[in-house]
Amino acid sequence: MHYRKMLAAMAMTLCAPLLAHAAGDPKAGENKNSMCVGCHGVDGYKTAFPDVYHVPKIGGQHAEYLALALKAYKAGQRKHPSMLGIAAQLSDKDIEDLAAYYASRKPQ
């Protein structure tokens with residue numbers, strides 16, 4: 001049991017700096033979401049490029065997760081052509097603002 005507590009404490013310590021960075025402005029993110037809402041805001045939307053799949057609804061998702069995902073696309077660590085192109089244009093501030101905006105939305 002002690003082993004699990006130690007692992008949990010280590011994980012929280014290592015992740016804390018990452019989580020602290022997701023402190024964007026939801027209002028600013030609302031003004032920046034025109035590239036996102038076309039896919040992530042349409043119920044039942046499926047993309048056909050590169051493969052047909054359901055586009056995830058990101059409203060209500062954790063800001064930290066969204067920011068890390070966008071940063072991973074920007075760094076090329078996640079591989080979706082549309083998202084790679086969009087994320088490449090975003091500043092760190094844009095990413096934080098968008099993450100805060102979508103986190104403040106109700107899940108769809």
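None of these values were measured; they are calculated from a predicted model.
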Within the 4.5 Å heavy-atom criterion, are K57 and P107 side-chain neighbours or not?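 Contact flag for K57/P107 side chains = no.
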Do Y102 and V37 have side chains that approach each other closer than 4.5 Å (heavy atoms only, starting at C-beta)?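 With C-beta onward as the side chain, the pair touches.
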Indicate whether the side chain of Y101 and that of N31 have a donor and an acceptor atom separated by less than 3.5 Å. no
Could you pull out the closest heavy-atom pair between [X] and [Y], with the gap in Å?
{"X": "K79", "Y": "Y73", "answer": "N-CE2, 4.3 Å"}
{"X": "K71", "Y": "E96", "answer": "NZ-OE2, 2.8 Å"}
{"X": "A69", "Y": "R78", "answer": "CB-NH1, 3.5 Å"}
{"X": "L90", "Y": "M35", "answer": "CD2-CE, 3.6 Å"}
{"X": "A103", "Y": "L66", "answer": "N-CD1, 4.1 Å"}
{"X": "Q89", "Y": "D94", "answer": "O-OD2, 4.3 Å"}

Rounded to the nearest 0.5 angstrom, the SG-CE distance for C39 and M83 is 9.0 Å
Measure the spacing between NZ of K74 and OG of S91 and express it to the nearest 0.5 Å. 6.5 Å
More than 12 heavy atoms of other residues, nucleotides or ligands under 6.0 Å from CZ of R105: is that the case? no
Which pairs pass salt bridge (Lys or Arg N to Asp or Glu O under 4.0 Å) with one or both residues in residues 84-93, sequence neighbours excluded?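 Output for this query lists K93-D97.
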So, does H40 use its side chain to make a donor-acceptor pair with the main chain of V55 at under 3.5 Å? no
Do any N or O atoms from the side chain of H80 and from the backbone of S82 form a donor-acceptor pair under 3.5 angstrom? yes
